[in-house]
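These numbers come from the heavy atoms of this one structure, side chains and all, not from hydrogens, waters or symmetry mates. Sequence lines set the chain letters: A, B, ... in the order given, protein chains first and strands last, and positions in each chain run from 1.
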There are 2 protein chains.
Amino acid sequence: MASIKDVAAEAGVSVATVSRVLNGHPSVSEDARRRVTAAVTALGYRPNAVARSLRTDQTRTLGLVISDVLNPYFTELARSVEEEARALGYSVIIGNADERPDLQDHHVRTLLDRRIDGLLVSPTDGGSPGMLDAARAGTPMVFVDRWIPGVDVPVVRADGRSAVRDLVAHLHALGHRRLAIIAGPAATTTGRERVDAFREALAAFGLELPDAYIGQGDFQAESGRRVTEGFLDLPEPPEVVFAADNLMVLGALDAVRARGLRVPDDIALAAFDDIRWFVHTDPPITAIAQPTDELGRAAVRALIDRVEGRTGESVTLPARLVVRRSCGADPASGQNPTAVQRSTS
Amino acid sequence: MASIKDVAAEAGVSVATVSRVLNGHPSVSEDARRRVTAAVTALGYRPNAVARSLRTDQTRTLGLVISDVLNPYFTELARSVEEEARALGYSVIIGNADERPDLQDHHVRTLLDRRIDGLLVSPTDGGSPGMLDAARAGTPMVFVDRWIPGVDVPVVRADGRSAVRDLVAHLHALGHRRLAIIAGPAATTTGRERVDAFREALAAFGLELPDAYIGQGDFQAESGRRVTEGFLDLPEPPEVVFAADNLMVLGALDAVRARGLRVPDDIALAAFDDIRWFVHTDPPITAIAQPTDELGRAAVRALIDRVEGRTGESVTLPARLVVRRSCGADPASGQNPTAVQRSTS
DNA sequence: CCTCCGCGTGGAATCGATTACACGAAGGAT
DNA sequence: ATCCTTCGTGTAATCGATTCCACGCGGAGG
C-alpha cells in the first residue's frame with residue numbers, strides 16, 4: 001500500500017508538501033497541488049488513519065457500548081448514533097455488552113486502548129471499574145438511555161414518567177385494578193425508574209403495588225417468561241402485566257400462551273419500548289415509545305460537543321404512550337385520546 | 001495518559017525492556033519483570049493500540065459491512081461474528097450499509113483507511129468500485145450471506161434450495177397451487193437465488209411461476225407491502241405469498257390486513273429468514289431458518305485463516321424449513337414431518 | 001588464563017503521518 | 001541598491017510502540 005513518501009516521490013515534492021495538499025493547507029503553489037493530486041490518483045493513495053491518529057492524537061472515532069444488540073431498541077439507537085456521527089465526520093465503533101458487566105468492561109477497555117475520541121455508554125450495571133476509570137481519566141463521555149448516579153457525565157435519555165401515568169390511566173379506565181410489573185435489573189437506572197414511575201402512577205389512582213406484583217427480570221425474554229409464570233401461580237394473579245422492556249414482554253406472551261390464556265381477555269400486557277413488530281403480534285401490544293432516533297442524535301451531539309471542547313449538556317426527551325389491543329381497548333374507536341396527548345407534555 | 005516511556009522511567013529500565021515484558025518475551029530477568037509490572041499497575045498504563053498498530057502493521061481488527069442493521073437477521077449475524085472474533089483475539093468494527101451501495105463504499109473505504117486486518121462483507125450490490133478495489137488490493141476478505149459472482153473471494157452462506165423445496169412441498173400438500181414470491185433486489189445474489197430456487201421447486205411439482213407472480217422488492221418492509229398490494233389487485237391473486245426476507249413479509253402482512261383479509265384462510269404467507277418474533281405474530285409465520293450463528297462463526301474463521309496466512313475456504317451450510325400456521329397447517333398435528341427432516345440433508 | 005557463548009539490557013531505527021522551523025526567492029517600500 | 005515581507009518549500013522532530021543490533025558480564029570449556 002502506497003505511503004505518503006511514494007506520493008512525494010511520484011510528484012517530485014517533499015512529504016510535507018503532500019501533507020499540506022492533503023489537508024487543504026493554503027500555502028501550496030497551484031503547480032505543486034496539481035502534481036500531488038495527480039500522484040495521489042495515479043497511486044490510488046489513501047492516507048493511513050493509524051499513522052495520522054498517532055501524530056494528531058485524535059481518531060475521529062466514537063465508541064458506543066450498548067447493553068444488548070439483539071434488542072431492537074438498541075439497534076435503532078446504534079443506527080441513529082452512527083448516522084449522526086457520520087454526518088459530523090466521525091466513525092462509530094459499537095461494543096455489545098450483552099447485559100454482562102464483564103463484557104462491558106472489556107469493550108470500554110478495548111475502545112480506550114484504541115484512543116477513541118469519545119465514549120457513549122448505556123451502562124449495564126452500577127459502575128464497573130473500567131467505566132469509572134474512563135470517567136475519571138477525563139475521556140469525553142456521555143450516558144445514553146441508562147446512567148450511573150453520582151458519576152459526573154451528561155445523560156441523554158427519555159423520561160417515561162408521564163407516559164407511564166398515561167398508561168396507568170388507560171388501564172384504570174378499562175377497569176383494571178391489579179397491575180403487576182416485570183422490572184429490569186436493579187443495577188440499572190431504567191430498571192429502577194420504571195418501577196418507581198409505575199408505583200407513583202398507581203398511587204395517584206389509589207392503587208398499591210404489592211411486592212408480589214413486582215417481578216425481577218433482567219431485560220431478556222426468558223426472565224419475562226419466568227416472572228409471568230410466577231404471577232400466574234399467585235392465588236390472586238394480576239389483571240395486567242407491564243414489562244419494563246420489549247424483550248421481556250415476549251417472554252410474558254409465551255408464558256400466557258403456554259397456559260392457554262388469551263390476551264387481553266384473560267390478562268392484559270403492556271411494555272416499555274415500542275418496536276415495529278408490536279403492530280404485528282397477536283394481539284398488537286400497547287407500549288411506551290421512546291424517541292429513539294432523536295435520543296441517538298442528541299447523544300452524539302452532546303458527546304462531540306465535549307470532544308471538541310464545548311460543553312455538552314444532558315438532554316431529557318419525553319416518551320409517549322401508544323395504545324394497541326393488548327390491554328383490552330379497541331384503539332380504532334373507544335379509548336381516551338387525551339392519554340396520547342398528555343404524554344407529550 | 002501514561003506512555004511506555006513513563007513506565008520505563010518509573011521502573012528504572014529502558015523502553016525496550018518494558019516492551020519485552022509486555023509482550024511476554026523470554027529474555028527478561030525476573031527482577032526487571034517485577035519492576036515493570038509494578039510500574040504498569042502503579043501508573044494504570046495501557047499500551048496505545050494506535051502506536052502498536054503503526055509499528056506492527058496489524059490492528060487485530062476485522063471490518064464487517066452488513067446490508068441493514070435493522071434487519072434482525074443481520075443483527076444476529078453481527079453478534080455471532082463479534083463473539084467468534086473476540087474469542088480469537090480480534091475486535092470487529094461494524095459498518096451499516098442500509099442497502100445503499102454508496103454507504104457500503106463509504107464504510108469499506110473507512111475501514112481500509114484504518115488498516116483493518118480483514119474484511120467481512122455482505123454486499124448490497126453487484127460490486128461497487130470500493131469493494132472491487134479492496135478485493136484487488138489483496139485485503140483478506142470473505143463474503144457472508146451474499147456475494148459477488150466473478151470475484152475471487154471465499155463465500156460463507158446458507159443454501160436454501162432444499163428448504164425451499166420443502167416449503168413448496170408443504171404448500172402443495174396443503175392444496176395451494178398459485179404461489180407468488182416477493183423477490184429481493186436483482187443486484188444481490190440472495191435476491192436472485194431465492195427466486196430461482198422457488199421456480200425450480202415449483203417446476204418439480206409441475207407448477208409455473210408466471211411473471212405476474214414475481215414482485216420486485218428491496219428487502220425492506222415497505223416494498224413487501226407494495227408488491228403484495230399488486231398481487232391482491234391481480235384478476236387471479238396468488239394463494240400464497242413467499243417473501244424473500246423477514247422484513248418484506250411484515251409489509252405483506254400489513255397489506256393483507258389493510259384489505260381485511262385473513263392469514264392463512266384468505267391467503268398464506270411464508271418468509272426466508274426465521275426470526276424469534278415470528279413465533280408471536282398473528283398468525284405465527286412459516287419461515288426458512290438459516291444457521292445464522294454458525295454462519296457468522298464460520299465466516300470469521302475463514303477470514304482469520306486468510307489474515308494469518310492460511311487458506312480460508314468457502315462454506316455452505318443448509319437452511320431448514322420451520323412450519324408454523326401462516327400457510328394453513330396446524331403444526332401441532334397435521335403437517336408432513338418429512339418436510340422438516342429432508343431439509344437437513 | 002584466555003576464549004567463547006549466552007543472557008539481559010539499552011540505544012536507536014522504524015512505521016506514516018503532521019508541523020515547527022529555517023531558508024531562499026521574489027517583490028515592494030524606502 | 002538595500003532591507004523587509006511574504007510565499008512556497010524542505011528538513012527534521014515527533015507521536016508510542018516494536019525490534020534489530022551491539023555491548024557487558026559471568027560461567028563454561030579448553
Let me know the distance between [atom1] of [X] and [atom2] of [N], rounded to the nearest Å.
X      : N      : atom1 : atom2 : value
A:R46  : C:dG16 : CZ    : C1'   : 15 Å
B:R114 : C:dA17 : CZ    : P     : 15 Å
B:M1   : D:dA17 : CE    : C1'   : 15 Å
B:L22  : D:dT18 : CG    : P     : 6 Å
A:Q58  : C:dA17 : CD    : P     : 16 Å
A:R55  : D:dA12 : CZ    : P     : 16 Å
B:D6   : D:dC15 : CG    : C1'   : 13 Å
B:I4   : D:dA17 : CD1   : P     : 5 Å

Which is true for B:N23 with a 4.0 Å heavy-atom rule: it touches a base, it touches only sugar-phosphate, or it touches nothing?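 Sugar-phosphate contact only - B:N23 comes under 4.0 Å of backbone atoms but never of a base.
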
Please work out if A:T56 contacts a base, only the sugar-phosphate, or nothing of the nucleic acid, heavy-atom cut-off 4.0 Å. sugar-phosphate

In a check of salt bridge (Lys or Arg N to Asp or Glu O under 4.0 Å) between B:R301 and each of B:E294, B:E308, B:E313, which one passes? B:E294

Take atom CG of A:D102 as the centre, draw a 6.0 Å sphere, and report whether it contains more than 12 heavy atoms from other residues, nucleotides or ligands. yes

Check whether the side chains of [X] and [Y] place a donor and an acceptor atom closer than 3.5 Å, and report yes or no.
X      : Y      : value
A:S67  : A:R146 : yes
B:Y73  : B:D68  : no
B:T110 : A:S91  : no

Footprint string (nucleotides 5-10 of chain C, 5' to 3'): B base within contact, S backbone only, - free, heavy atoms under 4.0 Å: ---SBB

Quick one: which of D:dC15, D:dT18, C:dA17 gets closest to the side chain of B:K5? D:dC15

Between A:A51 and A:H25, which is nearer to the 5' end of DNA chain C once each is assigned its nearest nucleotide?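 So the residue in question is A:A51.
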
Is the closest side-chain heavy-atom distance between A:D117 and A:Y90 below 4.5 Å? yes

Is there a side-chain contact between A:I93 and A:R114 (heavy atoms, below 4.5 Å)? yes

OP1 or OP2 of D:dT18 versus the side-chain N and O atoms of B:R52: is any pair under 4.0 Å? yes

